[in-house]
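This report concerns only the one structure given below.
The shown structure was predicted, so the numbers you read here are calculated from the model rather than taken from an experiment.
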Amino acid sequence: MKIDDWKRWRPRWTTRIAERLRRAPLGARLLVASLVLVIVLLPLAGVGLSYNFRQSATASFDSRLESLLNALLAGMQVDNVGQHLQLNRSLGDARFDRVYSGWYWQVTDGGDLTLTSRSLWDQRLPIPDHRSGINVFEVDGPRNDDLRMIERDLRLPGQNAAIHVALAGSTTELNHEVERFERLLILSLASFGVLLLAGLALQMRWGLAPLRRMSANLRAVEEGEIERLDTQLPVELKELALAMNGVLERDRRLIERGRAAAGNLAHALKTPVSVLKTLSERFPEAQRQPINTELIRIDDAVRHHLARASAAGGVAFSGRVSIGDAIAPVVQGLARLAERRGIQFDADIDPKAAARIDPQDIQELTGNLLENALRWASGRVLFRVSRVPQGVRLRIEDDGPGMTRAQSESALARGVRLDARGSGPGPGGSGGSGLGLAIVEDLMVLYGGTLRLERAALGGLAADVWLPASPVSAQAGEAAGQPPVSD
């Protein structure tokens, strides 16, 4: 059968098992391999030991039969008066005198019975085909007992014909001894197998401990808790840890250099833009408006790409921060702004809410959304930060005019401002061209979070943000679709 034919023929469950084994942890794979070896090798070893023991016990039993046969032959003599065979000594085993004890002997002369042990009583041992020398047979004895018989021919002095001497013993005792050995062997091998697997499990746990420690270090680096991997590892892993530390350090320098370059570019463009704005004031109103519009677009683009560069570095190496502590200055400033405008601003922030995000990014995200809510609110804004499964939830609601579904979708497109008024949020609003909610959406993409715009319970717009507590929870959120956000 060809390999392709076998792949098509084999059952699906074998494919599923193979796929699960390929994805199984290293320790589990080693333990399964050890279990398979123990299951295969120990029974084979048990069969071999049992066979060898049976052979050894059988050889010992045959040796005993031969010793008794020699004793029987040594005690045979011919009566001088009647010329009859007789046994002039005891074999030293009472079982030959107990009826149907399982141990028998008999002597025949030319096919006629001459002498038998008392244990045979009225039964006779079978006479096998004639063979020269000493022979051993498996025969059925009285009451269908399994016997092992040894026999030979002997010619006595003064006798014309040879006599046939046979001695048999029951194999019950031999079988019991072998069965007892097999029971002990099974118990011993089972205990040995359990101890061996436990020892292998401990050995694998100890041997894989450096890998687990290295994995924990990688997770800590990913979470931003530490900057480098621990190099106190075995020689085989130490070189790998050193190489990975080199890569991390190089990436960190490249990211910092990129962020610095983006910041320098933003600051370098800010002065010329300001100068151009000043110079545009000298032009008439009709000419000044298009120039200011393009300058605003340049300024928004610079801020957008600077925010993306900052976020890219923060998500790679920033640690977990407290959301409440990071946004406290923004919330306090906007609360004063809301008070001046006569808007009721309610903030409910869980002090234990934390996520892996750069403090400046969470401030920009919160500030953009709150400023938008304050601009559109009629009299009330609600802001809540709470912990949810695998992350943090920020929800901002206002009692303004809100958005339709189509407006919510277009508001996330680049070129839409948060504070667009007039015809509603969207391109062409009186607020001019900008990046608006698209900046917040970009931050969500960089940090693995989600942003939803929906109808608020107050009647206006609700901006619902989910931030992962760590990259692992972000991956879990992506695998499960949009993360659950419930009131």
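Ala373 approaches Ile396 most closely through the heavy-atom pair CB-CG2, 3.7 Å.
Listed by chain and residue number, Phe53 satisfy the ring pair (Phe, Tyr, Trp, His ring centres under 6.0 Å) test with Phe181 (two or more places apart in sequence, or in another chain). Every residue two or more places apart in sequence or in another chain that forms a salt bridge (charged side-chain N to carboxylate O under 4.0 Å, His left out) with Asp62 is listed here: Arg148. Contacts of Arg387 classified as side-chain hydrogen bond (donor to acceptor under 3.5 Å, both in side chains), with partners at least two apart in sequence or in another chain: Asp350.
With Ser50 contributing its side chain and Gly46 its backbone, the two residues share no donor-acceptor pair below 3.5 Å.
Ring geometry, Phe383 versus Phe345: the interplanar angle falls under 30°, so the pair is classed parallel (tilted spans 30 to 60°).
We find that Arg384 and Asp348 are not joined by a salt bridge, their nearest charged nitrogen and carboxylate oxygen being 4.0 Å or further apart.
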Side-chain donor-acceptor pairs under 3.5 Å in residues 235-243, sequence neighbours left out?
none

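Asp398 CG to Leu374 CG: the interatomic distance, rounded to the nearest 0.5 Å, is 8.5 Å. Rounding to the nearest 0.5 Å gives a distance of 12.0 Å between CD1 of Ile186 and CG of Leu49. Taking CD1 of Ile291 as the reference point, atom CZ of Phe283 lies at 5.0 Å (rounded to 0.5 Å). With rounding to the nearest 0.5 angstrom, the CD1 atom of Ile357 is 5.0 Å from the OH atom of Tyr447. We find the CG-CG distance between Leu229 and Leu248 to be 6.0 Å, quoted to the nearest 0.5 Å. Interatomic distance, CD of Gln289 versus OG1 of Thr293, reported as 4.5 Å (0.5 Å rounding).
Pairs passing the salt bridge (Lys or Arg N to Asp or Glu O under 4.0 Å) check and including a residue from residues 173-184, sequence neighbours excluded, read Arg95-Glu173. Sorted by first and then second residue, the pairs that involve residues 332-346 and meet salt bridge (Lys or Arg N to Asp or Glu O under 4.0 Å), not counting sequence neighbours, are Asp346-Arg380.
At most 12 heavy atoms of other shown residues, nucleotides or ligands fall within 6.0 angstrom of atom CZ in Arg205.
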